[in-house]
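Computation of the quantities below employed the complete heavy-atom set of this structure, encompassing side-chain atoms and omitting hydrogens, waters and symmetry-equivalent molecules.
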Amino acid sequence: MTQAPATAPALTAIEQRVLWLATAIVHQANRVRPNPSGLKVGGHQASCASLVSIMTSLWFRHLRPEDRISVKPHASPVLHAINYLLGELDEAYLPTLREFGGLQSYPSRAKDPDPVDYSTGSVGIGATAPIWGALARRYLTTRGSDAGTGRQYSLVGDAELDEGAIWEAILDPAVAELGEIVWIVDLNRQSLDRVVPNIAAGRLQGMFDAAGWQVLTLKYGRLLEELFTRPGGAELRARIDGMPNPEYQRLLRCDADQVRDRLPAGNAALAELVASLDDETLLAAIRNLGGHDLGSLDEVFASIADDRPTVIFCYTVKGRGLPTQGHPQNHSSLLTVAQMEELAASLGTDLASPWEGFTPGSPEAALCAEVASRLRRPDVPSVPSLHLPVDIGRTPSGTATTQAALGRVLLDLTREAPEAAKRVVTVSPDVSSTTNLGGWVNKVGVWSATERRDWFEDDPETIMHWREKPTGQHVELGIAETNLVGLLGELGATWSRWGEPLLPIGVMYDPFVERALEPWSFGIYAGGQSILIGTPSGVTLAPEGGAHQSITTPSIGIEQPGCVSYEPAFAIDTEWTLLAALGRLGKPGGTASYFRLSTRPVDQTLAAVPTDPAARERRRRQVVAGAYLLRRAASPAVTLAAMGALVPDALAAAERLAQVGVEADVVCVTSPGLLFEALQARSGRGRGETWILDQVFPASRAKPLVTVLDGHPHTLAFLAGINRVPSVALGVTRFGQSGSLEDVYRYHGIDTDAIIRAALDAVS
């Protein structure tokens, strides 16, 4: 797309107004709005200024309604300024940056009052979100949904490229096929603390190129490019190209005489060219980088290819147009009132009336109205209701693991609720076979935008078949857990983007959940509803040793907002809780879930599932609500509350305690988080369901309590507070060891003998 001469002056005026509004939004929050607490409000005027030209060009010249864009966190005021000019944000919000209920610190889909495509703020995660958004959209469209098309833009700060999550995403083989991905790197060569001495742009460009991306570089604007054609121009280009970043940044702080003294560096031809320029042209030339030249931006955006991802390195000046431009410590510096008044005068605005709009009927007002109309999106369709069973009706027998039960439930769902099952999509970082998804993958196939031949289809010794096709329901990524949860978040947001709910389930080894926890948490914050399954878990994986044993993950469900956690002990518990978790997905007010599953074979008759339909339903409701009484003693002296793989040991301990005259109730805990919410609600501090406490921990049976789990003991320690009873909390507090299950349990003090000793101590 080329620059239309009729709109060029209007576009420049809008660019200047966006700069003013973004700067004024931060100024109002810090220097005008009352601040009784005296706490820092903050904001990033310089970081906003470096992106003003790029964002003005994108929104007012190139974006289409089907495009989506992720804005770097510190440029959120620029996004709000543009939305205000387009009529998408009420003026009353402009002074509310970082105020309770006002504009958020960083763009937020969930909390901001104006349109935000991707929540950002956790460095590296917002940048990669459009990659997973593109995959989620493609998944929907290949399955017949009308999710449309459109580019997925990421506006990325150059310092953000230091984040490992960036490169994990870029290097995934599936990403090289996503031609709708466009990253624009704000190459201002400054981080929070300093001017980066060697930004190594060439190395970064080479890394993107090696990953199969189209790499475009916009370094200089048209004024400098024209000067390069004059006598001495080649020397000028070589001089600027060869400068260390700090030296160039220092020139931005110089007046014209200082530039004339510093720039030639003894080169006669360059000195002659500099001497031929008036002061205004010389200073403008030093600042004429491509990321601030609207015409150059037009040209580079027009050259984007759609057959592979594209990255555009746009050279910019941090603080461009502000008195702080180029200053090495301008990252979060604030303009003074005097500087704001000077800026207002230079931009034709008024600090006393900072939100003044364009004059009705002016070319600028007309362009804003035209762009607002062009970018208007249709309303998101209503989310359809999905029918999901709550109980498939099978009562497992024999010996089974909760990990194996996962695959069984998914296969059962294809028969019991085929329409809902079609919306299930599983994601794995190359561990499908070792997490018992093999049968499910064989049944539904592996998702691919195009069908690929399975060369092992006729191999009789191949048990797991890798049939890649557009109708597949399993997505296999490389070994990068952050990629998996990034994709989970976007698959879990399709209901809110396009009115098409998916039921995404991600499976990874539980020891690696904490590696992925922060990006998964951010995905939940951004509205992504998904199920994350960690398996195998705990020290129960004994022979593989400490390196693959998780300790702290059981408390995730207590601590993670927007998430319900489960650690089932039996296959039937896995079925009921998984169906309940699926029922919470893909709708307003829905929640994510985290499951911790085990590879320990357990005798399923220990579950003692009631045969009476009403009693069975009562058990199911308790399982889903967080706990149930598994063993009821006639006259209990102690209660054993166990979770997950340790339930058989608690039952064995109860039997042996009975032999020495100490009767014990055994409570099977399925969700400590839900029980904690119930306890909070009982005291008026939450919205949990308190009935589960009355049924499972009635005051009439309150006895000393022993809690035990394959994880940190604090996870269940709060249970003693339900009835304020003496308690002993058993669990894992040290790194694991290799060995037999008996040896490892004994080492950590969670074996049957340890439970018996704790019970006797509690009642003595």
Tell me, do [X] and [Y] make a side-chain contact under 4.5 Å, heavy atoms counted?
X	Y	answer
Asn188	Val317	no
Asp298	His62	yes
Arg320	Gln325	yes

Closest approach of [X] to [Y] (non-hydrogen atoms, all atoms of both residues):
X	Y	result
Gln339	Thr336	OE1-N, 2.9 Å
Leu283	Val259	CD2-CG2, 4.1 Å
Pro77	Ala22	CB-O, 3.7 Å
Arg237	Glu225	NH2-OE1, 3.0 Å

Report the distance from atom [atom1] of [X] to atom [atom2] of [Y], rounding to the nearest 0.5 Å.
X	Y	atom1	atom2	result
Leu367	Phe60	CG	CZ	6.5 Å
Thr359	Glu364	OG1	CD	8.0 Å
Leu187	Thr217	CG	OG1	8.5 Å
His27	Leu335	NE2	CG	8.5 Å
Leu347	Leu343	CG	CG	4.5 Å
Ile82	His80	CD1	NE2	11.0 Å

- Message: Counting only heavy atoms not in Lys219 (residues, nucleotides, ligands), do more than 12 fall under 6.0 Å from its NZ?
- Response: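 Yes.
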
- Has Glu370 got more than 12 heavy atoms of other residues, nucleotides or ligands less than 6.0 Å from its CD?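 Yes, the 6.0 Å shell around CD holds more than 12 heavy atoms from other groups.
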
- Between Ser37 and Leu39, is there a donor-acceptor pair closer than 3.5 Å when you use the side chain of the first and the backbone of the second?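 Judged by distance alone, yes, a pair lies under 3.5 Å.
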
- Query: Donor-acceptor pair, Asp350 side chain versus Ala352 backbone, under 3.5 Å?
  - Reply: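 Such a contact is found between Asp350 side chain and Ala352 backbone.
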
Cationic N near anionic O, under 4.0 Å, [X] to [Y]:
X	Y	result
Arg137	Glu490	no
Lys72	Glu160	no
Arg376	Glu88	no
Arg151	Asp67	no
Lys318	Asp186	no
Arg68	Glu180	no
Arg377	Asp117	yes

Decide if the gap between the ring center of [X] and the ring center of [Y] is smaller than 6.0 angstrom.
X	Y	value
Tyr84	Tyr93	no
His74	Tyr106	yes
Phe313	Trp183	no

- Message: Looking only at side-chain N and O atoms, does Asn288 offer a donor or acceptor that is under 3.5 Å from a partner on Tyr315?
- Response: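 Tyr315 vs Asn288: no donor-acceptor pair found between side chains.
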
- Item | Distance-only side-chain donor-acceptor flag, Glu15 / Ser53, under 3.5 Å |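 Glu15 vs Ser53: donor-acceptor pair found between side chains.
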
- Task: Measure from NZ or CZ of Arg17 to the centre of the six-membered ring of Phe358, then state whether that distance is under 6.0 Å and the direction lies within 45° of the axis.
- Result: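 The answer is yes; both the distance and angle limits are met.
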
- Query: Is it true that the NZ or CZ of Arg497 lies under 6.0 Å from the centre of Tyr118's six-membered ring and within 45 degrees of the ring axis?
  - Reply: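 Yes - Arg497 lies over the ring of Tyr118, closer than 6.0 Å to its centre and within 45° of its axis.
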
